[in-house]
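Note sheet for the following structure.
In each ligand, atom 1 is the first atom listed, and ligand 1 is the first ligand listed. Throughout, numbering of the chain's residues begins at 1 and tracks the sequence.
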Amino acid sequence: MFRPLVLRLVTLFAAVALPLVGATAPTATAADNPYERGPAPTASSVLGNGSFAVSTTSVSRLSASGFGGGTIYYPTSTSAGTFGGVVLAPGFTATSGSYAGLARRVASHGFVVFAIDTSSTLDQPASRGRQILTALDYLTERSSVRSRVDATRLAASGHSMGGGGTLEAANSRPTLKAAVALQPWNTDKTWQGIRVPTMIIGAQNDSIAANSSHSIPFYNSLTGAPERAYGELRGESHLAANTNPDWQGRLMVTWLKRYVDSDTRYSQFLCPAPTSTALSDYRNSCPD
Ligand code: 9J3
Ligand code: ZN
């Protein structure tokens, strides 16, 4: 009936402590998230190319309907499972080849990236948005790499009018997991309807899609997005998407990892807000 105090304390300790040990001992592993791809990121790994070798396949304009073909950048290996898919749309008068560096970089971190051409290089943002969605469908349903893409984990991206199209695509298809608009341009500044986690990447010295009249109003209007961020690249021009600065890659890759792959190993790069001399502004909806 009466046990010595020390035994009662041992029993109490076991009852309280063992479940705690059981609950806290496991650390996060790949098994916790089936969509994690590649090694745990570091501050240097997110500023460069990822761990995956990248192959390409071209999609001819003639074989495409509703957009203009392009080039798909994809991890060569099939041993890591399927990857999230991203369509990257060009700016006014531009073509897919101008974005080869950025497309390859994002793919090397474990995404299938389709850098598209538009039906006409003069198409406006609303048309570019429809073309992004048509190209995502092509990527997952008809492309030669469709078996490598997880059709449930897709993102829209694009530069300038293609970034304006990215907002259009996210607004039209709320099942997208993420959107990343690069130096975006659009006459519509009202994106309250977007329900997709959306990152806007501006360039400090952009004189074509000025941040004060494009990126910042877009960011401010994203009040319905579950998460939003605005990163501004210090010293960069409107052509940042073409010249592929490391911090643009870091911002885009971390956003896609966090929301397309649900990879919380990358949360540390988004929240709290990154601080770097490479950024002239950063705004976000922390915590994510
Ligand atoms: O690169 C772009 O898509 C810029 C948008 C633009 O030049 O708009 C002027 C009509
Ligand atoms: Zn609107």
Side-chain angles (χ1 to χ4, degrees), residues 61 64 66-71 73 86-106 113-136 155-173 176 178-191 194 196 198-222 229-245 247-249 251-252 255 280-281:
R61 175 173 288 276
F67 65 105
T71 298
Y73 299 77
V86 186
V87 163
L88 176 59
F92 192 61
T93 74
T95 56
S96 57
S98 294
Y99 307 94
L102 179 59
R104 181 175 288 277
R105 167 161 309 195
V106 172
V113 181
F114 191 3
I116 64 165
D117 291 304
T118 42
S119 299
S120 159
T121 58
L122 310 181
D123 290 334
Q124 295 296 299
S127 170
R128 286 168 198 263
R130 293 190 293 272
Q131 294 183 54
I132 287 170
L133 298 177
T134 302
L136 280 168
S157 185
H159 175 230
S160 196
M161 283 196 191
T166 297
L167 298 170
E168 308 270 357
N171 194 52
S172 300
R173 193 175 287 185
L176 293 179
V180 180
L182 310 166
Q183 298 89 58
W185 189 100
N186 200 316
T187 55
D188 186 346
K189 320 296 179 184
T190 61
W191 300 102
I194 288 179
V196 176
T198 300
M199 171 175 267
I200 308 283
I201 302 181
Q204 184 185 25
N205 299 335
D206 192 333
S207 56
I208 294 172
N211 299 318
S212 58
S213 51
H214 293 274
S215 285
I216 290 171
F218 299 153
Y219 173 80
N220 286 338
S221 79
L222 290 167
Y230 170 60
E232 189 181 280
L233 304 167
R234 183 182 298 281
E236 295 290 343
S237 75
H238 186 61
L239 296 184
N242 310 95
T243 59
N244 189 28
W247 263 86
Q248 179 174 248
L251 293 173
M252 182 167 177
W255 197 257
S280 46
D281 194 358

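- Distance alone, capped at 3.5 Å, places no donor-acceptor pair between the Thr166 side chain and the Gly164 backbone.
- Checked against side-chain hydrogen bond (donor to acceptor under 3.5 Å, both in side chains), Gln131 has the following partners two or more places apart in sequence or in another chain: Ser119, Asp123, Ser127.
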May I have a table of the N/O to N/O pairs between ligand 1 and the protein that fall below 3.5 Å, each row giving the two atom names and the distance to 0.1 Å?
unit_1	atom_1	unit_2	atom_2	d
ligand 1	1 (O)	Ser160	OG	2.5
ligand 1	1 (O)	His238	NE2	3.1
ligand 1	3 (O)	Phe92	N	2.8
ligand 1	3 (O)	Ser160	OG	2.5
ligand 1	3 (O)	Met161	N	2.9

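- Atom CG of residue Leu136 and atom CG of residue Leu176 lie 6.5 Å apart, to the nearest 0.5 angstrom.
- Annotation: side-chain hydrogen bond (donor to acceptor under 3.5 Å, both in side chains) contacts of Ser160 (sequence neighbours excluded): His238.
- Side-chain contact annotation: Glu168 with Asn186, donor-acceptor N/O pair under 3.5 Å present.
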Distance-only donor-acceptor hits, side chain of residues 88-97, under 3.5 Å, sequence neighbours excluded:
unit_1	atom_1	unit_2	atom_2	d
Ser96	OG	Asp117	OD1	3.3
Ser96	OG	Asp117	OD2	3.2

